[in-house]
2 protein chains.
Amino acid sequence: MSDINKGVPWDFPQFHNWVAVGRVSIMVRKAMADQLVGLGLDLPAYDVLSTVCRFPGLTQTGLAEKLLVGRSNLSMMLPDLEKKEYVVRKLDPKDKRLRRLYLTEEGEKLARQGLAIQLRLLEHMLSPIDELESEAAGQTMRKVAKHLEASPFQG
Amino acid sequence: MSDINKGVPWDFPQFHNWVAVGRVSIMVRKAMADQLVGLGLDLPAYDVLSTVCRFPGLTQTGLAEKLLVGRSNLSMMLPDLEKKEYVVRKLDPKDKRLRRLYLTEEGEKLARQGLAIQLRLLEHMLSPIDELESEAAGQTMRKVAKHLEASPFQG
DNA sequence: TGGACTAAGTTCAACTTTGAACTACAAATG
DNA sequence: CATTTGTAGTTCAAAGTTGAACTTAGTCCA
């Protein structure tokens, strides 16, 4: 390592570890996006369908929080998904501010096809990793996520 | 778990593990973006500065590959960074197609300040994780990245 | 009840990011 | 050495994403 690089982050193993996480994350999103073309979906639409499939009756704000996107994003996207009849929004009778999200039969079918693809992709990408190791990495990530949510970084 | 969810991905631990990776990745990018406001940088600009800091003389295409963004993106962004005098592009004398990237003194300063922030953020987010565990997770991620590069998923 | 306050969702204009088509240069092939 | 093929970078228009301001509905509390 050259002198000029002394004391910079790439001296620290943690830095490399984190860079790898970021790279894998982007690579998998791209791979998934490629596969979804066959279903006529893009990644954001798939994120909506798969999440509503898992959590039917979710509100738009709830969905935005899960996906870590802005609410306005969903206000733009959901009318399209409704027009394609993948999703329906039902006003909550108890609280008329809430528009609860459900999949149509068509939407459910697409979500499940997408989820099947995602499972195969996971299986492929994790094939060089034994189950224990993968579970350990997942455990670590969940710990970090929990910690970051509980105490966000303040400079 | 209700009947309707049988056979869907969230029955599989791998699915949860992967979702955690994705979430942490986005959360950290957001946290980093917040911190960079103080330096007058956004995340894409920081990605450029930190990467050129680490790999001076990188070409634009090389940088695009490292950052996993399109080349056109950099063609839009780099003139701005050059105007702000954070970056200079020098034509390679041996191959006039190549524009090699270097940081100015100012750019170098900003990159190092950003990298220092990134290290503190890493330290914070990894505080509940012991070093061995974090190293193991990094190792796992590097294996996966390598595998995905060597054999991309083909449906 | 009424007035202030909070939360859900929408709109809109600004900003990003992308991919396809293009130019300029280099390398390979005959 | 001329032609073909390939690579680096740019341009431009289209699509996506965002935050701030707004509307409407619910909550709190005097």
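Reminder, nothing fancy here: chain letters follow the sequence lines and each chain counts from 1. All of these numbers come straight from a predicted model, not from anything done at the bench.
Of the charged side-chain nitrogens involved, none lies within less than 4.0 Å of a carboxylate oxygen, so that B/Glu65 and B/Arg71 do not count as a salt-bridged pair.
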Output one line per pair: protein atom, nucleotide atom from nucleotides 23-29 of chain C, and distance, for all N/O pairs under 3.5 Å.
unit_1: C/dA26; atom_1: OP1; unit_2: B/Lys96; atom_2: N; d: 3.0

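Here B/Ser75 lies in heavy-atom contact (under 4.0 Å) with a base. Across all strands shown, A/Arg71 has heavy atoms under 4.0 Å from base atoms, whether or not it also approaches the sugar-phosphate. Residue A/Arg100 is out of contact with every strand shown, counting any heavy-atom pair closer than 4.0 Å.
Taking every side-chain heavy atom of A/Gln60 into account, C/dG9 is the closest of D/dG9, C/dG9, D/dT18.
Counting all heavy atoms, side chain and backbone alike, B/Met141 lies closest to B/Val21 at CE-CG2, 3.6 Å.
In this structure, the CG atom of A/Leu98 is 20 Å from the P atom of D/dT23, given to the nearest Å. In this structure, the CG atom of B/Asn73 is 14 Å from the C1' atom of D/dT17, given to the nearest Å. Residue A/Met76 contributes atom CE, which lies 20 Å from atom P of C/dA8 at whole-angstrom precision. To the nearest angstrom, P of D/dG16 lies 16 Å from CG of A/Leu67. Computed from coordinates, the A/Leu58 CG to C/dG9 P distance equals 9 Å when rounded to whole Å. The interatomic distance linking A/Met77 (CE) with C/dT11 (C1') rounds to 16 Å, in whole Å. Counting to the nearest Å, the P atom of C/dT16 and the CG atom of B/Asp47 are 14 Å from each other. In this structure, the CZ atom of A/Arg29 is 15 Å from the C1' atom of C/dT18, given to the nearest Å.
Atom NZ of residue B/Lys84 and atom OG1 of residue B/Thr104 lie 12.5 Å apart, to the nearest 0.5 angstrom.
A distance-only check finds no donor-acceptor pair linking the side chain of A/Arg29 to the backbone of A/Val24 [under 3.5 Å]. Panel note: side chain B/Thr140, backbone B/Ala136; a donor-acceptor pair is recorded below 3.5 Å. A side-chain donor-acceptor contact under 3.5 Å links B/His124 to the backbone of A/Ser151.
In this model, a side-chain donor or acceptor of A/Ser72 finds a partner on the base of D/dG19 within 3.5 Å.
Nearest-nucleotide assignment on DNA chain C puts the 5′-proximal partner with A/Leu78, out of A/Lys30 and A/Leu78. When the nearest nucleotides of DNA chain D are assigned to B/Arg99 and A/Val69 by heavy-atom distance, the more 5′-ward of the two goes with B/Arg99.
One finds a side-chain N or O of A/Thr61 lying less than 4.0 angstrom from the OP1 or OP2 phosphate oxygen of C/dG9. B/Arg89 has no side-chain polar atom (N or O) that falls below the 4.0 Å cut-off from OP1 or OP2 of D/dA8.
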Evaluation steps, side chain to side chain contact (heavy atoms under 4.5 Å, CB included), between B/Val144 and A/Val28 | CA-CA 10 Å; B/Val144 172; A/Val28 172; 5.6 Å; no
